[in-house]
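Here, residue 1 is the first one in the sequence, and each next residue gets the next number. Each ligand, and each atom within it, is numbered from 1 in the order the structure gives. Every value quoted in this text rests on a predicted model; they were computed, and no experiment measured them.
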Amino acid sequence: MQISSGHLTVECVEGDIANQPDMDAVVNAANAWLQPGSGVAGAIHKAAGPGLEEECRALAPIAPGEAVITGAHRLPNRCVIHCLGPIYGKDEPSDELLASCYRKALQLAEEKQLTCVAFPAISTGVFGYPIEPAARTAFLTLLELADQLRWVRRVRIVLFSNKDLSVHERVLKKVGNNRS
Ligand code: ADP
């Protein structure tokens with residue numbers, strides 16, 4: 001499903017973040033050292049090949065809430081934006097740090113004049129952030145930014161399971177209704 005706010009369309013789909021060939025950039029749920037790991041980082045580095053790891057080395061470490069941008073190497077996109085989400089219960093305030101990931105990722109996309117960006121559900125895997133509040137923070141932050149965006153026209157949240165997709169669809173509908 002998708003909703004639009006001004007020129008921005010926000011959508012959520014089930015899929016693999018490493019297989020989004022129609023997007024200018026994909027976002028990596030990175031670790032501080034921007035190294036391959038499990039989950040999203042594993043999938044992105046595997047698909048991108050060793051050149052990505054090498055490019056990342058010079059940019060690490062990053063702090064929770066921060067984002068950096070690299071080339072996409074063997075991925076079918078132009079760029080990869082690496083965000084370090086908060087570890088739930090450790091990096092506080094977790095909602096602000098999570099919002100900062102989405103904000104800074106879009107800021108980097110704007111600087112590169114990218115029009116469409118796909119995100120995973122940052123922090124909701126190994127970092128333990130509960131899916132529903134994470135979805136709310138993500139959508140509220142994205143829609144808040146809609147009016148300020150000059151380049152980004154489409155943001156896709158890619159969920160790895162049907163269950164996570166259902167939660168995101170419900171939250172997106174609610175957040176969208178509350179705005180109109
Ligand atoms: P974090 O360390 O930020 O929690 P993870 O990679 O562990 O990041 O997980 C973030 C979310 O991405 C989880 O909901 C997980 O189920 C999901 N996920 C894992 N692999 C993929 C993938 N290949 N594409 C999209 N989402 C994925």
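In this structure, D91 contributes its side chain and S94 its backbone to no donor-acceptor pair below 3.5 Å. Although no hydrogens or angles enter the test, the distance criterion places a donor-acceptor pair under 3.5 Å between the side chain of D24 and the main chain of T115. At least one donor-acceptor pair closer than 3.5 Å links the side chain of Q20 to the backbone N or O of D16. Using modelled atom types, no side-chain atom of D164 and backbone atom of F160 make a donor-acceptor pair closer than 3.5 Å.
Residue contacts with ligand 1: S123 is included, with a non-hydrogen atom under 4.0 Å away. The shortest heavy-atom distance from G85 to ligand 1 is not under 4.0 Å.
Near D16, the atoms of ligand 1 lying under 4.0 angstrom from a non-hydrogen atom of the residue are 22 (C), 23 (N), 24 (N). Using a 4.0 Å cut-off to heavy atoms of A29, the atoms of ligand 1 that qualify are 3 (O), 8 (O). Using a 4.0 Å cut-off to heavy atoms of A121, the atoms of ligand 1 that qualify are 10 (C), 11 (C). Every atom of ligand 1 is numbered from 1 in the order shown, and the set under 4.0 Å from a heavy atom of A43 is 23 (N).
With respect to atom 13 (C) of ligand 1, the closest heavy atom belonging to the protein is T124 OG1, 3.3 Å. Nearest protein heavy-atom neighbour of atom 7 (O) of ligand 1: V126 N, 2.9 Å. Nearest protein heavy-atom contact of atom 4 (O) of ligand 1 is G125 N, 2.8 Å. The nearest protein atom to atom 24 (N) of ligand 1, hydrogens excluded, is given as I17 N, 2.9 Å; this is a heavy-atom distance. Counting protein heavy atoms only, atom 26 (N) of ligand 1 is closest to F160 CB, 3.6 Å. Protein heavy atom at the shortest distance from atom 6 (O) of ligand 1 is V40 N, 2.8 Å.
Between Y129 and Y88, the ring planes are tilted. Angles from 30° to 60° get that label.
The pair R154-E11 meets the salt-bridge criterion, with a side-chain N (NZ, NE, NH1 or NH2) lying under 4.0 Å from an Asp/Glu carboxylate O.
Between F127 and ligand 1, at least one N/O pair is under 3.5 Å apart. On a distance-only criterion, A18 and ligand 1 share no N/O pair closer than 3.5 Å.
Of the candidates V171, I157, V158, C12 forms a side-chain contact (heavy atoms from CB on, under 4.5 Å) with just one, namely I157. Of the listed residues (E55, E53, E54), just one forms a salt bridge (charged side-chain N to carboxylate O under 4.0 Å, His left out) with R57, and that residue is E53.
Contact annotation: the side chain of Q2 never approaches that of R156 to less than 4.5 Å [non-hydrogen atoms, C-beta and beyond].
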